[in-house]
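Notes follow once the structure below has been shown.
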Amino acid sequence: MKNLDENTITDAVLQRLENTPDARTKTVMIALVRHLHAFAREVQLTEAEWFAGIKFLTDTGQMCSETRQEFILLSDTLGLSTLVTAQNHRKPQTCTEATVFGPFHVEHAPVYALGADVANGAKGEPCFVNAAVHGMSGEAIPRAKVEVWQADADGFYDVQYAGDDTHRARGTLFTDEQGKVYFRSVLAEAYPIPHDGPVGKMLDATGRHPWRPAHLHFPIAAPGYQTLVTHVFRDGDSYLDSDAVFGVRSTLIAPWIRHEPGLAPDGSLQRTSFYTLDFNFVLNSD
Ligand code: BEZ
Ligand code: FE
């Protein structure tokens, strides 16, 4: 193939992919090339823009580390994570909806007994969470593994505090025989996603803010059921309609009720105001 021009280059590349041995790789590569070329044609990409794009992707890669997943942030802020989540978790309406995973999960977070304080010193007003995990026929799911992680009063996850690897406001719990899971933590606040890198520049350049509405993260796993990766969002948060990563679903918004000082759900006497959150999760069968 010689003398390729703007009209013939796409077919030439597609032809070169014809012998791709793995069928799925072939499908993905062919679609990728078609869409990439169509994009360059649609915007009549200049050489300066092409180079700026290469530099942006290079900077994104160079920003990545063990604790900073800039490419995941890019996928999240472009809505790709939500699209992939949605098309891989089509399920009956009665099931709890899935949403994005995010970059702040930690493997092997400490296991807590039901009722424990998972805050472990995280800053914030006390919040008592009471949840139930059921299957689609209403059956309680005992011994489901429930992980939780959240931001503190300053809008930071524990892993964002450099030089301190204490687990705070995160933990692993297991439901009881009635499928109940409950714990104490702190009130989660809205927070900006990390925006001091290329993704932050992209948000600035497109007139967007980096904020996520307050939420708790909840992956829930139990044998015989599809693992659910989701959030519970705080009703009334001002970012519910403009989440930087497009993760909000109305079925995942719940009231976090403020209480005056007094008796808390765990029987303790609270000298300051505190919050409670109740939520029921419904898992789809395998
Ligand atoms: C999070 O909810 O932790 C998150 C999700 C996507 C991007 C950044 C943070
Ligand atoms: Fe989060």
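Because only heavy atoms are used, hydrogens play no part in the values below, and waters and symmetry mates are left out as well, while side chains stay in. Whatever order the structure lists ligands and atoms in, that order sets their numbers, starting from 1.
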* To do: Closest by any non-hydrogen atom to atom 8 (C) of ligand 1: pick that one out of T99, D243, T77, I193.
  => I193
* To do: Confirm or rule out an N/O/S atom of Y191, from backbone or side chain, lying less than 2.8 Å from the Fe ion (ligand 2).
  => yes
* Is D158 salt-bridged to R170, going by a charged N under 4.0 Å from an acidic O? -> yes
* Asked: L73 heavy atoms, cut-off 4.0 Å: which ligand 1 atoms fall inside?
  -> 7 (C), 8 (C)
* Structure fact -> H215 heavy atoms within 4.0 Å reach ligand 1 at atoms 2 (O)
* Asked: Relative to the heavy atoms of H217, which atoms of ligand 1 are at a distance of less than 4.0 Å?
  -> 1 (C), 2 (O), 3 (O)
* To do: Say whether Y157 and ligand 1 are in contact under the criterion: heavy-atom distance to a ligand atom below 4.0 Å.
  => yes
* Asked: Under a 4.0 Å N-O cut-off, is there an ion pair linking R68 with E66?
  -> no
* Ring centroid separation for W50 and F39, is it under 6.0 angstrom? -> no
* Asked: Pick from T58, L73, D196: which one makes a side-chain contact (heavy atoms from CB on, under 4.5 Å) with M63?
  -> D196
* Would a hydrophobic clustering, with Ile, Leu, Val, Met, Phe, Trp and Tyr connected at side-chain separations under 4.5 Å, put W256 with F281? -> yes
* Structure fact -> In ligand 1, the atoms that come under 4.0 Å of a heavy atom of D76 are 6 (C), 7 (C)
* Structure fact -> Within 4.0 Å of some non-hydrogen atom of R212, the atoms of ligand 1 are 1 (C), 2 (O), 4 (C), 5 (C)
* **At the Fe ion (ligand 2): angle between H217 atom NE2 and Y157 atom OH, to 10 degrees** => 90°
* To do: For Y191 and G155, work out which heavy atoms get closest and say how close.
  => CB-O, 2.9 Å
* **Per-atom contacts of ligand 1 with F104, taking only distances under 4.0 Å to non-hydrogen atoms** => 3 (O), 9 (C)
* At the 4.0 Å heavy-atom cut-off, does Y191 count as touching ligand 1? -> yes
* Asked: Heavy-atom distance to atom 9 (C) of ligand 1: which of A151, P103, P194, G102 wins?
  -> P103
* If Ile, Leu, Val, Met, Phe, Trp and Tyr residues are connected whenever their side-chain heavy atoms lie under 4.5 Å apart, and connections chain through other members, are I72 and L74 in the same group? -> no
* Taking N or O atoms only and a 3.5 Å limit, does W149 qualify as a polar contact for ligand 1? -> no
* Between E18 and K26, is the closest basic N to carboxylate O distance under 4.0 Å? -> yes
* **Gap separating the CD atom of Q226 from the CD1 atom of I220, nearest 0.5 angstrom** => 13.5 Å
* Asked: Going by an N to O cut-off under 4.0 Å, is there a salt bridge joining R234 and E189?
  -> yes
* Below 4.0 angstrom from a heavy atom of V245, which ligand 1 atoms are there? Numbered from 1 as shown, please. => 6 (C), 7 (C)
* Asked: Strictly under 2.8 Å, is any N, O or S atom of H231 next to the Fe ion (ligand 2)?
  -> no
